[in-house]
2 protein chains.
Amino acid sequence: MKVDELDARIVRLFTDEQRMSVLEASRILKVARATVQARLDRMVSSGVIARWAPQPEPRAFGFPVVAYCALTIHQDFGHDAVAAALARIPEVLEVHTVSGDSDLMARVAARSNADLQRVLDAVTATKAVVRSSSVIVLNTHFEGRTLPLLEAAARR
Amino acid sequence: MKVDELDARIVRLFTDEQRMSVLEASRILKVARATVQARLDRMVSSGVIARWAPQPEPRAFGFPVVAYCALTIHQDFGHDAVAAALARIPEVLEVHTVSGDSDLMARVAARSNADLQRVLDAVTATKAVVRSSSVIVLNTHFEGRTLPLLEAAARR
DNA sequence: ACGCCCCTGTGCATCCTGTGCAGTCTCGGT
DNA sequence: ACCGAGACTGCACAGGATGCACAGGGGCGT
């Protein structure tokens, strides 16, 4: 779907002030309330706004350690099956199939560096995982920053 | 902060049904509305709920290609300065300092594989970046899945 | 010129929110 | 066993916000 600047400004408003109401947004943007509502509905139903939910931050409730993990899996297992197995481990936050040397890339959280070992063991315990090589995140400069991209897309 | 099962169930409700009101949540959970409100306020102010905003999905508005990019930077530049420079490129969604062979790990989006080259060039054009090695995401099994972890944390 | 789609402005009934308060309950510490 | 702090409850009220509907005005592509 293509988005225009009004869409981007709406999303920007609701991102900056989570206490924003549709009515107030329409006042700020100087458009009709129905317009804001229609834009939001359109973006939600088309998937441009994938979710609009409270986002728990693992760092804030006891999981300060994050790591990326490149996994090599046994050829007999399908990627989907392995991903489903990994989904059963709550510490696994994200799983992608990737190109390159390894097969899967996972992002995991842990309570400490020592606890990370437990998590990685749990990942490896998935029979299909042959090898895993991980890098620990030392500092997150920013993440989940899709708004600038949306604004860039709106400009053309 | 420590969370209990009620917290987790509240977050679960608001995650599953984005059209959930505090009042209806209190009815479903059979607790007072003020309780739900107090829990939400506490989680938001303590950072357990980091954000509660519409999440634009790059795949849905013209950026179907995602890649992870391991960056080696010139020793004369600080990580923060490089991260700030990368933040100016909207296609860069995420930047972490990591342990291991490389210095930074970035996640980038692009309109196509060909366009990915343009993005990577932009990243490399940041003078501080010496080398970059990227893997393309072929399939995302799941991502941004912090709720199961919150529920696991609530159980103990 | 025409039809179509989007935006606008308006109105209304309904529901939700923010807020405050007093009473009760629970749990941990002494 | 007792006490106190903090949490939960139930209630009430005013002010908004929402969902919905509808008619009119523009802009755009055919």
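Each chain gets a letter, A, B and so on, in the order the sequences are listed, and its residues count up from 1. Only a predicted model underlies this, so the values are computations on that prediction, with no experimental measurement involved. Hydrogens, waters and symmetry mates are skipped; everything else that's a heavy atom, side chains included, is used.
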Using the side chain to side chain contact (heavy atoms under 4.5 Å, CB included) rule, take B:Ile28 and B:Met20 through it: C-alpha gap first, then chi angles, then the decisive distance, then the call. CA-CA 10 Å; B:Ile28 293 175; B:Met20 179 67 54; 4.0 Å; yes
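- A donor-acceptor distance shorter than 3.5 angstrom exists from the side chain of B:Asp103 to the backbone of B:Ile73, with no hydrogens or angles considered.
- Residues B:Val137 and B:Leu71 do not share a hydrophobic cluster, clusters being chains of Ile/Leu/Val/Met/Phe/Trp/Tyr side chains in contact below 4.5 Å.
- The overall bend of the helix from C:dA1-D:dT30 to C:dT30-D:dA1, read as the angle between its terminal helix axes built from five base pairs each, is 60° when rounded to 10 degrees.
- The hydrophobic cluster of A:Leu23 has no other members, since no ILVMFWY side-chain heavy atom comes under 4.5 Å of it.
- At least one donor-acceptor pair closer than 3.5 Å links the side chain of A:Arg145 to the backbone N or O of B:Ala87.
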With the sugar-phosphate defined as primed atoms, P, OP1 and OP2, and the base as all remaining atoms, what B/S/- string results for nucleotides 6-22 of chain D, 5' to 3', for protein heavy atoms under 4.0 Å? --SB--B----SBBB--
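- Within the structure, every pair that satisfies the salt bridge (Lys or Arg N to Asp or Glu O under 4.0 Å) test and touches residues 54-73 of chain A, not counting sequence neighbours, is listed here: A:Glu57-A:Arg59, A:Arg59-A:Glu143.
- A heavy-atom distance below 4.5 Å is not found between the side chains of B:Asp101 and A:Val135.
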Under 4.0 Å protein heavy-atom contact, by nucleotide of nucleotides 23-30 of chain D - B base, S sugar-phosphate only: --------
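- Applying the side-chain hydrogen bond (donor to acceptor under 3.5 Å, both in side chains) rule to A:Arg131 yields no partners; only residues at least two apart in sequence or on another chain are considered.
- For A:His96 and B:Phe142, the ring centers are positioned 6.0 Å apart or more.
- The distance between atom NZ of A:Lys2 and atom C1' of C:dC5, rounded to the nearest whole Å, is 11 Å.
- In this structure, the side chains of B:Phe14 and B:Leu40 come closer than 4.5 Å at one or more pairs of heavy atoms.
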